[in-house]
Enquirer: 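Below you'll find the structure I mean.
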Amino acid sequence: SNITGYTATLGGNVTSDGGPGDPFFPLTERGVVLSPTALNDNPFIGGTDVSLVNDPTTNTGIFELGVAMLSPGTTYSYRAYAINSVGVSYTTSIGTFTTLDFPAVTSPTVTNVTSRSATLGANVTSNGGAPILARGVIIFLGSNPSFTVAAASAGTGIFTLNVSLTPGRTYRFLPYARNSVGTSFGLDTTFTTPGALANLSDPTLSSITSTSATLGAKVSNDGGAAVTARGFVYSITSSNSNPEINGLDVTQVSAGNGT
């Protein structure tokens with residue numbers, strides 16, 4: 001009973017100590033023996049890969065013992081034993097149990113990638129025998145975790161998350177799921193957001209004369225990539241009311257680079 005990923009409660013019932021009467025054979029020890037079933041499905045004291053947990057009392061009757069240091073997702077064989085001066089007795093039947101396991105996370109997905117967002121997801125295919133407490137993605141920019149986004153709902157199955165990002169960056173992400181045993185991760189997946197256009201704001205016009213004027217603006221965001229050129233384009237409105245680089249009758253004035 002009380003099986004977790006690392007512990008369990010096992011026990012037995014010593015129905016007789018070998019007496020009563022004359023001679024009397026008092027119990028000297030009782031407990032349980034267990035082993036991973038894949039290594040030994042018939043555990044006994046001194047057997048291969050067998051662990052022994054003894055009870056501090058030596059009475060007849062029902063007893064229970066906490067067993068620790070088990071491995072998650074492992075099937076164990078066990079039985080109770082009792083020792084008196086004649087020898088060792090074991091329960092006739094051998095019991096088995098399986099410890100809880102980590103969740104299983106597969107199939108990471110990256111879709112709808114834009115310069116500033118992406119949809120990330122994965123599939124929690126198993127809860128390991130314990131309820132899923134949380135699931136989501138851990139996002140890396142470089143070698144260190146940048147931030148974690150948790151899904152709104154726990155549980156098994158496919159989940160997706162919309163994540164806000166920065167243009168022109170290469171990201172890694174790990175999908176994860178957590179239960180009472182611990183946290184599991186899916187495959188490490190890499191993607192790159194495309195760069196975005198630089199943002200301009202606060203245009204100014206001043207010092208207008210018959211032959212000149214002073215133009216200004218602010219490059220408020222580089223769009224995720226270095227600004228290699230900046231400046232102004234203008235044209236006589238009657239010739240071109242929408243000036244752009246290399247446009248008809250357009251004059252271009254450079255103002256360096258950067259933000």
Side-chain angles (χ1 to χ4, degrees), residues 102-128 131-179 182-205 215-235 240-248 250-259:
F102 291 92
V105 186
T106 65
S107 308
T109 57
V110 185
T111 57
N112 304 321
V113 179
T114 71
S115 59
R116 299 187 183 276
S117 67
T119 301
L120 309 180
N123 188 6
V124 181
T125 56
S126 171
N127 64 9
I132 299 296
L133 303 175
R135 61 182 182 174
V137 295
I138 301 173
I139 298 173
F140 296 75
L141 187 57
S143 59
N144 297 317
S146 295
F147 57 95
T148 299
V149 182
S153 61
T156 55
I158 294 170
F159 68 92
T160 57
L161 297 164
N162 294 319
V163 181
S164 296
L165 304 168
T166 300
R169 301 292 179 88
T170 296
Y171 290 92
R172 295 169 45 230
F173 84 94
L174 288 174
Y176 72 88
R178 177 169 56 87
N179 66 7
T183 303
S184 292
F185 299 95
L187 292 176
D188 190 327
T189 304
T190 301
F191 67 98
T192 300
T193 54
L197 295 175
N199 292 329
L200 295 168
S201 61
D202 304 328
T204 60
L205 173 62
L215 307 178
K218 178 182 179 181
V219 181
S220 55
N221 189 301
D222 63 11
V227 174
T228 57
R230 62 183 185 179
F232 302 92
V233 288
Y234 64 92
S235 60
N240 186 344
S241 61
N242 184 28
E244 57 186 14
I245 294 173
N246 297 323
L248 178 66
V250 170
T251 300
Q252 179 178 341
V253 180
S254 176
N257 54 38
T259 54

Enquirer: For a 4.5 angstrom cut-off between non-hydrogen side-chain atoms, does Pro108 reach Leu120?
Expert: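 No, side chains not in contact.
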
Enquirer: Counting distance only, does the side-chain N/O of Ser184 pair as donor-acceptor with the main-chain N or O of Phe102 below 3.5 Å?
Expert: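 No; zero donor-acceptor contacts below 3.5 Å.
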
Enquirer: Should we say atom CD1 of Ile158 is surrounded by more than 12 heavy atoms from elsewhere, each under 6.0 Å from it?
Expert: no

Enquirer: Rounded to the nearest 0.5 Å, what separation is found between the CD atom of Glu244 and the OG atom of Ser235?
Expert: 10.0 Å

Enquirer: Return the minimal non-hydrogen interatomic distance between Ala150 and Leu161, and the atom names on each side.
Expert: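 Smallest heavy-atom distance, with atoms named: O-CD2, 3.8 Å.
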
Enquirer: Side chains of Arg169 and Leu141: does their closest heavy-atom pair fall under 4.5 Å?
Expert: yes

Enquirer: With a 4.5 Å limit on heavy-atom distance, are the side chains of Arg116 and Leu165 in contact?
Expert: no

Enquirer: Does either side chain, that of Ser115 or that of Thr193, offer a donor lying less than 3.5 Å from an acceptor on the other one?
Expert: no

Enquirer: Parallel, tilted or perpendicular, judged at 30° and 60°: which one describes the rings of Phe191 and Tyr171?
Expert: parallel

Enquirer: With a cut-off of 6.0 Å (strictly less than), are more than 12 heavy atoms of other residues, nucleotides or ligands near OH of Tyr234?
Expert: no

Enquirer: Taking all non-hydrogen atoms of both residues, which atom of Thr114 and which atom of Pro194 are closest, and how far apart?
Expert: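 Heavy atoms only, the tightest pair is O-CD, 3.4 Å.
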
Enquirer: Taking all heavy atoms of Ile132 and all of Ala177, pick out the closest pair and write down the distance.
Expert: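 Shortest heavy-atom separation between Ile132 and Ala177 comes out as CD1-CB, 4.5 Å.
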
Enquirer: Under 3.5 Å, is there a donor-acceptor pair between the Asn112 and Thr119 side chains?
Expert: yes

Enquirer: For the pair Thr190 and Phe173, evaluate side-chain contact (heavy atoms from CB on, under 4.5 Å) and give the outcome as yes or no after the intermediate values.
Expert: CA-CA 7 Å; Thr190 301; Phe173 84 94; over 6 Å; no

Enquirer: Could you go through Thr192 and Thr170, starting from their C-alpha distance and side-chain angles, then the distance that decides it, and tell me whether this counts as side chain to side chain donor-acceptor pair (under 3.5 Å)?
Expert: CA-CA 4 Å; Thr192 300; Thr170 296; 2.9 Å; yes

Enquirer: Is the backbone of Leu187 close enough, under 3.5 Å, to the side chain of Thr189 for a donor and an acceptor to pair up by distance?
Expert: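 Confirmed, Thr189 side chain pairs with Leu187 backbone.
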
Enquirer: Can you name the closest pair of heavy atoms from Asn123 and Gly157 and give their distance?
Expert: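 Taking Asn123 first and Gly157 second, the nearest heavy atoms are OD1-C, 3.1 Å.
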
Enquirer: Side-chain contact, heavy-atom cut-off 4.5 Å: Leu215 with Thr204?
Expert: no

Enquirer: Going by heavy atoms in the side chains, are Thr148 and Ile139 under 4.5 Å from each other?
Expert: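 No, side chains not in contact.
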
Enquirer: Determine the minimum heavy-atom distance between Val124 and Gly155, stating which atoms define it.
Expert: CB-O, 4.0 Å

Enquirer: Just checking, is any N or O donor in the side chain of Asn127 or Thr156 under 3.5 Å from an acceptor N or O on the other one?
Expert: no

Enquirer: Rounded at 0.5 Å granularity, tell me how far CG in Asn246 sits from CG in Leu248.
Expert: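 Answer for the CG-CG pair, Asn246 versus Leu248, is 11.5 Å.
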
Enquirer: Check for a donor-acceptor pair, side chain of Arg135 on one end and backbone N or O of Phe159 on the other, with a separation under 3.5 Å.
Expert: no

Enquirer: Can you confirm whether Tyr176 sits close enough to Ile138 that some side-chain heavy atom of one is under 4.5 Å from a side-chain heavy atom of the other?
Expert: yes

Enquirer: Can you tell if the side chain of Val250 reaches within under 4.5 Å of the side chain of Asn240, non-hydrogen atoms only?
Expert: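 Val250 reaches Asn240 side chain to side chain.
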
Enquirer: Measuring only between side-chain heavy atoms, which start at C-beta, is Leu174 closer than 4.5 Å to Phe140?
Expert: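 Side chain of Leu174 against side chain of Phe140, heavy atoms only: contact under 4.5 Å found.
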
